[in-house]
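As structure tokens, the structure follows; a few thoughts come after it.
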Amino acid sequence: MEKVKPRTLSGFMELLPAPQVQMERIMQVLRETYALYGFYPLDTPLIESSEVLLAKGGGETEKQIYRFTKGDSDLSLRFDLTVPLAKYVAQHYGELTFPFRRFQIGKVYRGERAQRGRFREFYQADIDVIGDGKLDIINEAEVPSIIYKTFTSLGLERFKIRINNRKVLNGFFAILGLTEKAGDVMRTIDKLEKIGAEKVKTILVEDFGVEAAAADELLKFIETPGGTEGILAALDSYKGKNEVFDLGAEELKTVATYMQAFGVPADHFEIDLTIARGLDYYTGTVYETAMLDHPEIGSICSGGRYDNLAEYYTDKQLPGVGISIGLTRLFYVLGEQGYLNDQMNKAPADVLILPMTDDMGAAIKTATALRESGIRTQLYGEQKKFKHKIGYADKLGIPFVIFLGEDEINAGVVAVKDMESGEQVKVSLNEAAKLIHDGLAKKNAGKVICDK
């Protein structure tokens with residue numbers, strides 16, 4: 001029989017065991033952090049009706065989506081976690097309690113061109129707070145604190161959360177007489193960091209008919225210097241010229257004030273009037289998070305406030321605020337830049353038991369007792385030479401090995417070896433469990449990301 005060459009499709013990540021443990025650890029930290037803020041875990045189907053996923057329509061989405069038929073069904077793989085959330089909230093509206101706070105970590109699929117750090121199948125990690133009719137602005141200030149807590153819990157320190165408010169931008173467009181071109185202008189200035197001010201001005205003037213003077217005024221405005229305090233002071237100079245602008249400026253000030261009360265240090269966030277977020281449904285506060293030492297990576301966590309999550313599925317007004325982490329891309333980038341902690345315990349077990357007798361009864365009882373005490377335990381049952389057995393533990397990075405021979409069984413003790421230090425002691429099983437627990441506490445103290 002001719003063999004099929006095993007291969008992984010382009011744009012799909014498949015990890016070896018050790019990095020998979022690192023990825024799982026990141027997801028564990030995210031789940032623990034999101035739960036700390038009172039969010040429900042949620043899962044939605046990978047496959048949805050195409051009618052549901054494409055309710056909003058849109059050329060780019062339809063080009064990238066994985067769509068297929070099964071019998072009479074027109075089906076698609078989800079391309080993000082927000083649209084399925086919208087469907088979920090609309091469908092279960094009568095059964096949910098609002099504000100509804102959910103987090104979801106799951107795979108999404110986009111049939112775009114695969115390239116370095118860009119995948120067709122990838123994990124997203126989202127949190128959203130959905131209101132019923134209204135949603136207080138305090139939620140827009142709490143979300144950045146969750147971003148801060150998440151990344152510092154992972155071990156990342158050198159990052160900054162940049163915030164803006166779409167009302168400020170829309171109000172300023174109105175002041176300049178650009179309301180009808182707001183969408184095009186918004187999407188263009190969102191490219192400022194990538195293409196620079198001159199190219200942005202050229203696109204605004206040549207492609208969208210914006211007056212050169214208005215383009216200059218806009219660029220001057222969004223590049224206002226002075227940090228958070230300086231920008232807030234500058235916004236005051238436009239007060240009274242447009243109601244939407246005034247509301248956005250007040251919201252921005254409120255969010256910045258509450259963020260610090262929520263524990264986000266002033267040096268970890270800034271107001272940045274260039275942040276527009278290209279998606280049209282953002283209506284208030286918007287966020288982007290960047291690694292300070294690697295600005296070329298772009299945003300590693302972004303999102304914002306939207307006024308009507310589920311308008312394509314229900315007449316209910318369901319405002320919300322949320323963020324999304326492109327987890328697969330982030331993991332790839334962190335690995336490329338050397339940020340993943342290779343010293344963390346990536347072994348599948350905390351201890352390996354090596355029976356030194358033909359009778360396995362005592363070894364089995366020892367393994368059972370250690371597992372009941374919360375220690376991940378492997379029992380090695382293969383008939384191999386001692387060198388191979390100890391080499392197995394070494395290759396997997398298992399921190400501790402227990403040897404159990406006739407002498408240990410008769411004396412009611414076990415021989416425990418710390419594989420890192422090489423130290424070996426004979427102690428009771430209870431003492432062995434404590435020794436292993438204490439050793440693991442030290443070995444597992446490091447975080448999954450090493451900030452540099």
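Heads up: numbering here begins at 1 and tracks the sequence. Because the structure is a prediction, the values reported are computed rather than measured. Just the heavy atoms: all of them, side chains too, but no hydrogens, waters or symmetry mates, feed the values below.
For the residue pair Y306/D128, the side-chain donor-acceptor check at 3.5 Å is satisfied. Under 3.5 Å, the side chains of R78 and T44 contain a donor-acceptor pair of N or O atoms. No donor-acceptor contact under 3.5 angstrom links the side chains of S299 and E288, judged on distance only. For the 3.5 Å distance criterion, the side chains of Q20 and E24 qualify, holding a donor opposite an acceptor.
Under a 4.0 Å N-O distance rule, the pair K167/E250 does not qualify as a salt bridge. Between E112 and R120 there is no salt bridge, since no side-chain N of the basic residue sits under 4.0 Å from a carboxylate O of the acidic one. Under the 4.0 Å criterion applied to side-chain N and carboxylate O atoms, R67 and D74 are assigned as salt-bridge partners. For the pair E251 and R305, the salt-bridge criterion is not met [side-chain N within less than 4.0 Å of a carboxylate O]. Using a cutoff of 4.0 Å between basic side-chain nitrogens and carboxylate oxygens, K220 and D216 are not scored as salt-bridged. The pair K107-E121 meets the salt-bridge criterion, since a charged nitrogen lies less than 4.0 angstrom from a carboxylate oxygen.
In this structure, the ring of F39 has its center no less than 6.0 angstrom from the ring center of F103. Taking the six-membered ring wherever Trp is involved, the centroid distance between the rings of H294 and Y339 falls below 6.0 Å. A distance below 6.0 Å separates the ring centres of Y332 and F119. Checked against a 6.0 Å centroid threshold, the rings of Y109 and F79 do not count as neighbours.
The heavy-atom pair separating I398 from M419 by the smallest distance is O-CG, 3.4 Å. Summarising the geometry of I300 relative to M291, their closest heavy-atom pair is CD1-CG, 3.8 Å, with the distance given to 0.1 Å. Residues A310 and A86 come closest through the heavy atom pair CB-O, 3.7 Å.
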For this session: Carefully, step by step, assess F98 and Y93 under the rule ring pair (Phe, Tyr, Trp, His ring centres under 6.0 Å).
Result: CA-CA 9 Å; F98 293 90; Y93 173 81; 5.4 Å; yes

Between K442 and D438, does the salt bridge (charged side-chain N to carboxylate O under 4.0 Å, His left out) criterion hold? Intermediate values first, please.
CA-CA 7 Å; K442 294 178 182 178; D438 290 346; over 6 Å; no

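Counting heavy atoms from C-beta on, the side chains of F400 and L435 come closer than 4.5 Å. Between I275 and Y287, every side-chain heavy-atom pair lies at or beyond the 4.5 Å cut-off.
Note: F221 and F245 have tilted aromatic rings, judged against thresholds of 30 and 60 degrees for the angle between ring planes.
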